[in-house]
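Hydrogens, waters and symmetry mates play no part in the numbers below; they use all other heavy atoms, side chains included.
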Amino acid sequence: MTPHTPLVLIADDDNDIRFSLSLLLAQAGYRTLEADSIKSCEIQIQRHQPDLLLLDMNFSRDTTSGQEGLSLLQRLDLSKLPTILMTAWGTIELAVQGIKLGAKDFVEKPWQKTKLLTLIATYVANSRPDNASEKNSLAQPTMAASTSDWIAQSDAMQRLTSLVANIAPTDANLLIIGENGTGKSQLAARIHHLSQRKNQPFITTNMAAIPESLFESELFGHQKGAFTDAKQNRLGCFASANQGTLLLDEIGALPFHLQAKLLQVLETQQFTPLGAEQSVKVNVRIIAATNQDLLQAISTGEFRQDLYYRLNTFIIELPPLRARIADILPLASFYLRQFATQYHKPTPQLAACAEQALQGYFWPGNVRELRHVMERAVLLYANSTSQLLSTDLMLPTHHAQPNQPALDSLALHTVERQQIEAALQQTQGNVSQAAVRLGISRHALYRRIQKYHLSVDN
């Protein structure tokens, strides 16, 4: 029997959005359908019965309220059609409304490709008839880290590799700190791959993405009937990671009043799902990650000291790309080959001037930014007989200043604030564009703007 290729319906009134998503999903092996209106979406669902719906919440009626998407959710049988909501104007309250109506998850535009593909794969798999128990919508099962993209030629990464080799086989809790885009989640996956738990689940959950009202349900799960709209049992991320590893990403974004609940579970390895009468015992290794200075957060009363000590049996500091110059060209070559294969194009070669530009650039977005630059270069590469020049990379010039102050010795929160201020200045205060430059969600950027008391125009 020929395997079923999942069919994803993309409902959005923006032609460019539909095209980009169709291209991304086709490369990932999905079939796609498109709908540019609520009516067209309903027709496509009736005719083709897709395996998953990517639904924009705002069509022509308005651009901010999300009411069009919410009204469609109320008319759909969401038990048979997993739905992921999309909006560029999302709020936590809107996300909660959509999830309570039965949507599986909520993503913001511009989306993070890896996360979106992981969500789609998770919910397509969970929608099969043999999957009776609803899985956690924010906890993401992740494949074990590949060793092919672990590039560590620089002294800084050689030292890190040696440290990881020693601590990965243990069950010690770890705290990974580093700037945005340095690859903290990839490092956590590698540690899991090198541990004795490598054949068990590796679950990641973004603490900044969990609405407060859903915190206990997402982390600890719930029983059917525990609250309104709890129509099925749900496994929380702790239960999903049992015997394996749980990555608590962006741990610094967890609200203070919720930290005590997490601390209790870390201390006892026990929790009680919502609506259940008995506690559940689990065996989970915890890896936490953050780009924030947690000691500074402790001093300002934003983070619990006891939780910090529970998390940081070992602290691993992932260096910024500018501190690992020897890795830049090998990483660039790796990504050029990867994207050339993905987009069925010849692999470009870097001219000497391009290599110099890459090594001289400040890389505020770190490895994530390098990856995006290489992807763009491959997509625009037209002449298979010529090398990529420095101008083909389209790197900004303002970060390549030779007198740029070194930030390695500064506290992480100082680095973060400087990068946010720079991104806002470059985008004339446009929060959405600044968030794209920084590689974080619009919500996450707003939280940091409030944290550092920055002012914006929009």
Residues which pass salt bridge (charged side-chain N to carboxylate O under 4.0 Å, His left out) with Asp392, listed by chain and number, not counting sequence neighbours: none
A side-chain contact here means heavy atoms from C-beta on lying under 4.5 Å apart; do Asp56 and Leu85 qualify? no
Who pairs with Arg285 by salt bridge (charged side-chain N to carboxylate O under 4.0 Å, His left out), at least two apart in sequence or on another chain? none
Sequence neighbours excluded, the answer for side chain to side chain donor-acceptor pair (under 3.5 Å) partners of Thr83 is none
Inter-residue atom distance Thr290.OG1 - Ile251.CD1, 0.5 Å rounding: 8.0 Å
For Gly178, is there any backbone N or O sitting under 3.5 Å from a side-chain donor or acceptor partner on Lys184? yes
By side chain to side chain donor-acceptor pair (under 3.5 Å), which residues pair with Asp77, not counting sequence neighbours? Ser79
Sequence neighbours left out, what passes side-chain contact (heavy atoms from CB on, under 4.5 Å) with Asn242? Give chain and number order. Val282, Asn283
Show the numbers, then the answer: is there a side-chain hydrogen bond (donor to acceptor under 3.5 Å, both in side chains) between Glu34 and Ser22? CA-CA 8 Å; Glu34 297 182 18; Ser22 295; 2.8 Å; yes
Test side-chain contact (heavy atoms from CB on, under 4.5 Å) applied to Thr272 - qualifying residues, sequence neighbours left out: Ala276, Ser279
Go through the structure and list residues passing salt bridge (charged side-chain N to carboxylate O under 4.0 Å, His left out) with Arg304, not counting sequence neighbours. Asp306
Between CG on residue Leu307 and CG on residue Leu258, distance to nearest 0.5 Å: 11.5 Å
Gln259 meets the side chain to side chain donor-acceptor pair (under 3.5 Å) criterion, sequence neighbours left out, with none
Partners passing side-chain contact (heavy atoms from CB on, under 4.5 Å) against Asp327 (at least two apart in sequence or in another chain): Ile151, Gln153, Ser154, Met157, Arg324, Leu331
Out of curiosity, Ile287 CD1 to Ile316 CD1, how far, rounded to the nearest 0.5 Å? 7.5 Å
Thr182 (side chain) donor-acceptor with Glu179 (main chain) under 3.5 angstrom: yes
Mind checking what makes ring pair (Phe, Tyr, Trp, His ring centres under 6.0 Å) contact with Phe271, not counting sequence neighbours? Phe220
Mind checking what makes side chain to side chain donor-acceptor pair (under 3.5 Å) contact with His257, not counting sequence neighbours? Glu212
Contacts of Lys39 meeting salt bridge (charged side-chain N to carboxylate O under 4.0 Å, His left out) (sequence neighbours excluded), chain-then-number -> none
Is there a donor in the side chain of Asn180 and an acceptor in the side chain of Asn291, or the other way round, less than 3.5 Å apart? yes
